[in-house]
Amino acid sequence: MKIASIELREIRLPLIHFFETSFGRTTERRILLVRVRDEDGTEGWGECTAGEGPFYSEEWTESAWSVIKNWLAPMTVGREVERASGVSSLMRSVRGNRMAKAAIETACWDIEARRAGVPLWKLLGGVREEIACGVSIGIQDTPEALLDKISREVAAGYQRIKIKIKPGWDAGIVERVRAQFPDIGLMVDANSAYTLDDAPLFREMDVHNLMMVEQPLAYDDMVDHARLQERIATPVCLDESIRSSADARKAIEMGACRIVNVKLGRVGGHGEAQEVERVCRERNVPVWCGGMLESGIGRAHNIALATLAGFTLPGDVSASARYWEEEIIEPPVTVSSRGTINAPAAPGIGFEIKRQRIDALTVRKESYTAE
Ligand code: OSB
Ligand code: MG
């Protein structure tokens, strides 16, 4: 395929309910969408999962826009690759900025799948037609509000509940949740809010039979995570710390985690995500697909990824209606009463793009075409 043009746009999408983590509260998403066109006019769509500020990682909406415009689009537009898996190497000289790269790379996978007339999940090597879903529930204003939300998600059928924790909203909250829901699959995500000095707090939480504790310590650390894992029974899962398959291998070898969260943006696209999955599967380390409050396009890519063999735990990919009044894809992503999402049968990401809806939400747009 030849990358004939890239269209970059920003849409604004208000969340139905604010989402709060240890690093802050989001009420409205600023999402970059990428549309890549090949020489035959086949289009593919990708989503940049950068946040509104440089808090989950260094990348944010503005940095991703700038890197795509100034560097990644000029490096890719007009270039020919045999497969979508070859797009990352065109962008190799740019360090980091993986979410910006993934927006382009994943769009090219959509093109390759559409050209081949197959659903993306099959092109990626997926092995299951439905994926297992959990939900990620942010920090709430009161414990009662959290318990109420959990009740509704459990009743909807989700297979596990993840709650965000931060200092002051942690062991006491987990204890209350467990008292009311003794049997649910439950886990916590700290988004790097603690240090190794907090090991006693995590030991205390061992009694609550959590499936895992996600990214308790620094975003760029593996050594202290290994020390913490030695001291607690609950499996550590790494999110922020794993930016590549090499990171996954090293983290597993040094005992920094027993479970890995895979996010397309954080690792730079489908090619690297496949490698992370392989590295973990070969070492019997379960993986699951994380979420970044994606619109339907990013969500569709996540669904495809989560069909790979190593994704044996329920992920954070859930129904569109939990996030948005109206989706930008058709149909919206829905979840069965068993807490599953069906992999689509249509070619590419397998959902229709609602162009008028996207146009109405667009606040800026630029196109890059080969001379
Ligand atoms: O750490 O997994 C995280 C959202 C934004 C940034 C980081 C994270 C999250 C989530 C939300 O947990 C998952 C989702 O519902 O998309
Ligand atoms: Mg996380």
Side-chain angles (χ1 to χ4, degrees), residues 13 15-31 47-61 64 98-99 102 131 133-140 146 149-150 153 156 158-166 169 186-194 210-221 225 235-243 251 257 259-267 287-303 305-306 313-324 327 332-333 335 339 341:
L13 210 46
L15 286 163
I16 288 175
H17 188 270
F18 68 81
F19 189 79
E20 186 173 323
T21 68
S22 60
F23 54 77
R25 187 178 276 200
T26 308
T27 54
E28 183 182 58
R29 295 292 336 277
R30 295 179 61 191
I31 295 172
E47 173 168 343
C48 178
T49 61
E52 290 66 42
F55 306 121
Y56 168 82
S57 75
E58 298 89 336
E59 289 186 89
W60 63 299
T61 311
R98 292 177 173 85
M99 292 170 173
I131 64 163
C133 309
V135 289
S136 173
I137 304 181
I139 293 160
Q140 305 297 313
L146 176 66
K149 272 200 166 251
I150 295 173
E153 305 293 13
Y158 285 102
Q159 297 185 19
R160 69 100 170 102
I161 302 291
K162 159 169 139 183
I163 62 172
K164 294 288 187 177
I165 57 168
K166 66 175 181 182
W169 182 275
L186 183 65
M187 61 174 286
V188 296
D189 184 359
N191 289 109
S192 298
Y194 298 88
L210 300 177
M211 295 170 77
M212 68 197 87
V213 48
E214 181 177 347
Q215 197 70 38
L217 311 182
Y219 74 96
D220 54 356
D221 167 78
H225 277 106
V236 171
C237 168
L238 289 179
D239 173 356
E240 283 91 325
S241 297
I242 307 295
R243 293 171 175 229
C257 66
I259 298 172
V260 170
N261 167 330
V262 187
K263 288 180 181 169
L264 281 168
R266 202 190 64 231
V267 305
V287 305
W288 53 277
C289 185
M292 291 294 287
L293 311 175
E294 288 92 344
S295 76
I297 290 172
R299 203 163 291 280
H301 279 286
N302 287 342
I303 293 167
L305 173 64
L313 292 169
D316 277 347
V317 184
S318 59
S320 301
R322 295 186 61 249
Y323 303 84
W324 327 112
E327 251 299 3
V333 173
V335 170
I341 294 173

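In each ligand, atom 1 is the first atom listed, and ligand 1 is the first ligand listed.
Two residues are said to be in side-chain contact when any heavy atoms from C-beta on lie closer than 4.5 Å; Leu186 and Met211 fail this criterion. Within the 4.5 Å cutoff, the side chain of Ser136 has heavy atoms near those of the Lys164 side chain. In this structure, the side chains of His17 and Gln140 come closer than 4.5 Å at one or more pairs of heavy atoms.
Not a single heavy atom of Thr21 sits under 4.0 Å from any atom of ligand 1. Heavy-atom separations between Glu214 and ligand 1 include at least one value shorter than 4.0 Å. Residue contacts with ligand 1: Arg322 is excluded, as none of its non-hydrogen atoms falls under 4.0 Å. Heavy-atom distances between Lys164 and ligand 1 reach below 4.0 Å in at least one pair.
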Before you tell me yes or no, could you show the steps for Tyr56 and Asp239 under side-chain hydrogen bond (donor to acceptor under 3.5 Å, both in side chains), namely the whole-Å CA-CA distance, both residues' side-chain angles and the distance that decides it to 0.1 Å? CA-CA 10 Å; Tyr56 168 82; Asp239 173 356; 2.5 Å; yes

Chi angles and distances behind the side-chain hydrogen bond (donor to acceptor under 3.5 Å, both in side chains) call for Gln215, Asp189: CA-CA 6 Å; Gln215 197 70 38; Asp189 184 359; over 6 Å; no

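Annotation: cation-pi pair Arg299/Tyr323 present, NZ/CZ under 6.0 Å from the ring centroid and within 45° of its normal.
For the Mg ion (ligand 2), protein N, O or S atoms closer than 2.8 Å were enumerated as Asp189 OD2, Glu214 OE2, Asp239 OD2, with waters left out.
Note: no N/O pair closer than 3.5 Å links Ser318 and ligand 1 by distance alone. Among the atoms of Asn261, none of the N or O lies under 3.5 angstrom from an N or O of ligand 1. Between Asn191 and ligand 1, an N or O atom pair is found at a separation short of 3.5 Å.
Only the side chain of Lys162 comes within contact range of ligand 1, with a heavy atom under 4.0 Å; no backbone atom does.
Here Glu28 pairs with nothing under the salt bridge (Lys or Arg N to Asp or Glu O under 4.0 Å) rule; sequence neighbours left out. Evaluation of the salt bridge (Lys or Arg N to Asp or Glu O under 4.0 Å) rule for Arg30 yields Glu10, Glu62 as partners, not counting sequence neighbours. Contacts of Glu20 classified as side-chain contact (heavy atoms from CB on, under 4.5 Å), with partners at least two apart in sequence or in another chain: Phe18, Arg25, Ile139, Lys166.
Proximity to Lys263 (heavy-atom distance under 4.0 Å) selects the following atoms of ligand 1: 1 (O), 2 (O), 3 (C), 7 (C), 8 (C).
At the shortest separation from atom 4 (C) of ligand 1 among protein heavy atoms lies Phe19 CE2, 3.6 Å.
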